[in-house]
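The next block holds one structure in the form of structure tokens; read it before the comments.
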Amino acid sequence: MLELSRIRTDKEQVIAALSKRNINAEPTINELLSLDTQWRGIKQELDRTLEEANRIAKEIGQCYKEGRVGEGNELKQQTTVLKQQESALKVESDALETAIQQLLYQIPNTPFQDVVKGKDLNDNQVVFQSGTVPSFNFQAKPHWDLCKEKQIIDFELGVKVTGAGFPFYRGKGSKLQRALISFFLDEASAAGYEEYQAPLMVNEASGIGTGQLPDKEGQMYHDATDNLYLIPTAEVPLTNIFRDELIQHPEFSFKLCGYTPCFRREAGSYGKDVRGLNRLHQFDKVEIVRVEHPDNTSRALEEMVEHVKGLLDKLELPYRVLRLCGGDMGFASAMTFDFEVYSAAQEKWLEVSSVSRFDTFQANRLKLRFKDHDKKTKLCHTLNGSALALPRVMAALLENHQQADGRVAVPNALQAYTGFDYI
RNA sequence: GGAGAGGUGGCAGAGUGGUCGAAUGUACCUGACUCGAAAUCAGGCGUACUGUCAAAGGUACCGUGGGUUCGAAUCCCACCCUCUCCGCCA
């Protein structure tokens with residue numbers, strides 16, 4: 001959520017920044033500011049009425065205390081009118097506040113200065129590319145065939161027991177999953193991220209804090225009995241650790257990581273790119289989360305990008321890094337780098353990580369603030385990234401490291417974790 | 001699931017209808033003392049909104065939402081959450 005005060009003071013700058021997302025925010029902003037002006041008028045009137053009522057109430061108390069009962073009763077008469085005014089103004093004020101809030105929820109984050117204007121994924125810029133795309137002198141198999149052949153992931157069994165998008169991992173497939181999780185966590189720890197095991201269900205307040213609610217309600221699995229939500233990413237519990245926090249000093253830097261399964265209903269995304277591991281309702285991911293002083297955000301983002309690069313290098317996968325254009329960025333993001341791994345058999349790029357800075361957008365909703373050097377209370381900056389999401393990494397490993405003899409080679413960095421060299 | 005206790009400022013913890021945005025302690029900031037530190041002493045110190053060039057000032061906030069009252073942290077109702085004990089159970 002953008003700060004209203006900023007929209008008020010930097011209206012043109014906000015509109016210009018939002019235009020990079022290929023949207024024209026001007027009508028919404030104008031409506032917002034008009035409502036805001038109305039609200040402030042009402043608020044002042046309401047405050048004056050309340051002040052008057054408070055003053056009289058005190059006087060009445062004083063009268064009774066000093067035995068001037070008649071005077072007190074007289075004053076009581078006056079409050080009747082004030083109370084009517086007060087409740088009328090309150091209704092008006094509440095309605096305006098709600099309307100303002102709803103408009104604010106609709107406005108996405110303003111892109112950071114480095115972000116280029118663009119419409120969709122075709123306008124994303126490749127800022128880095130690494131590794132070589134393997135060329136096979138045999139017919140490369142897609143991962144769903146390899147999985148079936150080697151009996152390492154069973155999609156049909158998942159359908160039987162739960163439903164589509166909930167596969168079973170078996171044998172070496174299961175061990176490879178475990179290896180990847182440990183590898184990612186160890187790498188994150190080595191980079192200074194503290195490891196957390198987070199709850200897999202969160203309450204409503206947390207859903208609102210990180211922006212899943214109310215906007216994307218239908219994307220989360222919801223337990224109505226206890227009103228809890230299955231997390232779509234570890235970002236939700238990890239970031240909500242900081243909800244309603246006021247950090248007392250300007251020197252802070254929080255780096256956390258966590259492995260969790262992620263649950264996504266993926267409502268409305270049927271039919272496209274859902275084959276095999278490409279899109280699941282339950283998948284595993286190691287997430288890195290940072291909370292930073294605004295001065296450190298750019299450096300932190302750079303570090304996170306380098307961290308993810310290191311992971312893909314060690315997994316010996318060909319990948320590229322995209323800086324997303326305004327139109328392709330997520331709602332809350334100020335700048336996003338996507339990591340895509342080339343899938344040799346599917347002959348396409350698969351997104352395996354997304355690293356973003358949110359600046360104050362999330363912190364505003366979370367009420368996550370700190371005391372700066374100038375003693376003023378300011379909003380923190382938040383960042384997060386996947387490091388990494390497992391299924392597509394798994395798919396890419398299988399497809400890119402398959403050999404003519406039918407075996408799949410396990411990258412060196414993983415062998416200590418898996419205990420085997422080939423699948 | 002049953003019974004009980006409780007939710008107040010960064011933390012701890014008083015406060016049962018007006019003088020309470022709230023004692024006290026602690027933490028923190030400033031100053032004095034000191035070569036310096038500790039200790040001590042004096043002063044300051046919640047959050048949000050509004051207001052303003054900046055202020056002053058004003059309003060709201062004592063788990064949440066209602067209610068009673070001229071006036072609510074305090075009384076009433078509903079809900080949420082936490083803790084303890086019992087039961088069940090990994």
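Here is the naming used below: chain letters follow the sequence lines, and residue numbers restart at 1 for every chain.
The distance from atom CG of L50(A) to atom C1' of rG58(B) is 10 Å, rounded to the nearest whole Å. Taking atom CD on E51(A) and atom P on rG71(B), their separation rounds to 17 Å, with Å as the unit. As rounded to whole Å, 13 Å separates atom C1' of rG57(B) from atom NZ of K43(A). In this structure, E245(A) atom CD and rG9(B) atom C1' are separated by 14 Å, rounded to whole Å. Summarising the geometry, the separation between CD on Q101(A) and C1' on rC49(B) is reported as 13 Å, rounded to the nearest angstrom. Whole-Å rounding puts the N364(A) CG to rC49(B) P distance at 9 Å. In this structure, the CZ atom of R40(A) is 10 Å from the C1' atom of rG51(B), given to the nearest Å. The separation between E52(A) atom CD and rA60(B) atom C1' is 18 Å, rounded to whole Å.
The residue N203(A) sits apart from the nucleic acid: no heavy atom pair falls under 4.0 Å. Residue contacts for T80(A): at a heavy-atom cut-off of 4.0 Å it reaches no nucleic acid atom on any strand shown. Within 4.0 Å of K83(A), counting heavy atoms only, lie sugar-phosphate atoms of the nucleic acid but no base atom. Looking at heavy-atom distances under 4.0 Å, L46(A) makes no contact with the nucleic acid at all. The residue R48(A) sits apart from the nucleic acid: no heavy atom pair falls under 4.0 Å. Here I60(A) lies in heavy-atom contact (under 4.0 Å) with a base. Counting non-hydrogen atoms under 4.0 angstrom, K90(A) reaches nothing in the nucleic acid.
Both R55(A) and D36(A) lie near RNA chain B, and the one whose nearest nucleotide falls closer to the 5' end is D36(A). Looking at which nucleotide of RNA chain B each of E59(A) and D47(A) is closest to, the 5′-most match is held by E59(A).
Here rG71(B) is the nucleotide among rG71(B), rU59(B), rG46(B) with the atom lying nearest to any side-chain atom of A57(A). Among rG46(B), rU19(B), rC70(B), the nucleotide with an atom closest to any side-chain atom of K58(A) is rU19(B). The Q44(A) side chain lies nearest to rG51(B) when the options are rG51(B), rU59(B), rA48(B). Side-chain proximity of T79(A) to rU47(B), rA60(B), rC70(B): nearest is rC70(B).
Across all strands shown, rG46(B) forms a Watson-Crick or G-U wobble pair, both distances under 3.5 Å, with rC61(B). When both distances must be under 3.5 Å, the Watson-Crick or G-U wobble mate of rG6(B) is rC81(B). Judged by Watson-Crick or G-U wobble contacts below 3.5 Å, the nucleotide rC89(B) has no partner. Across all strands shown, rA38(B) has no partner, as no Watson-Crick or G-U wobble contact with both distances under 3.5 Å is found. Shown here, rU69(B) forms no base pair; nothing in the strands shown gives a Watson-Crick or G-U wobble contact with both key distances under 3.5 Å.
With hydrogens and angles ignored, the 3.5 Å screen pairs no side-chain donor or acceptor of R264(A) with any backbone N or O of Q282(A). Here the side chain of T80(A) pairs a donor or acceptor atom with the backbone of Q77(A) at under 3.5 angstrom.
In summary, of the residues considered (R290(A), K255(A), E187(A)), a side chain to side chain donor-acceptor pair (under 3.5 Å) with Y193(A) occurs for R290(A) alone. Of the candidates E149(A), Q402(A), E399(A), E149(A) is the only one forming a side chain to side chain donor-acceptor pair (under 3.5 Å) with K141(A).
Both cation-pi conditions hold for K172(A) and F420(A): the charged atom is under 6.0 angstrom from the six-membered ring centre and inside a 45 degree cone around its axis.
Remark: the separation of the C1' atoms in rA23(B) and rG13(B) is 10 Å, to the nearest Å.
Residue E66(A) qualifies as enclosed at atom CD: its count of foreign heavy atoms under 6.0 Å is above 12.
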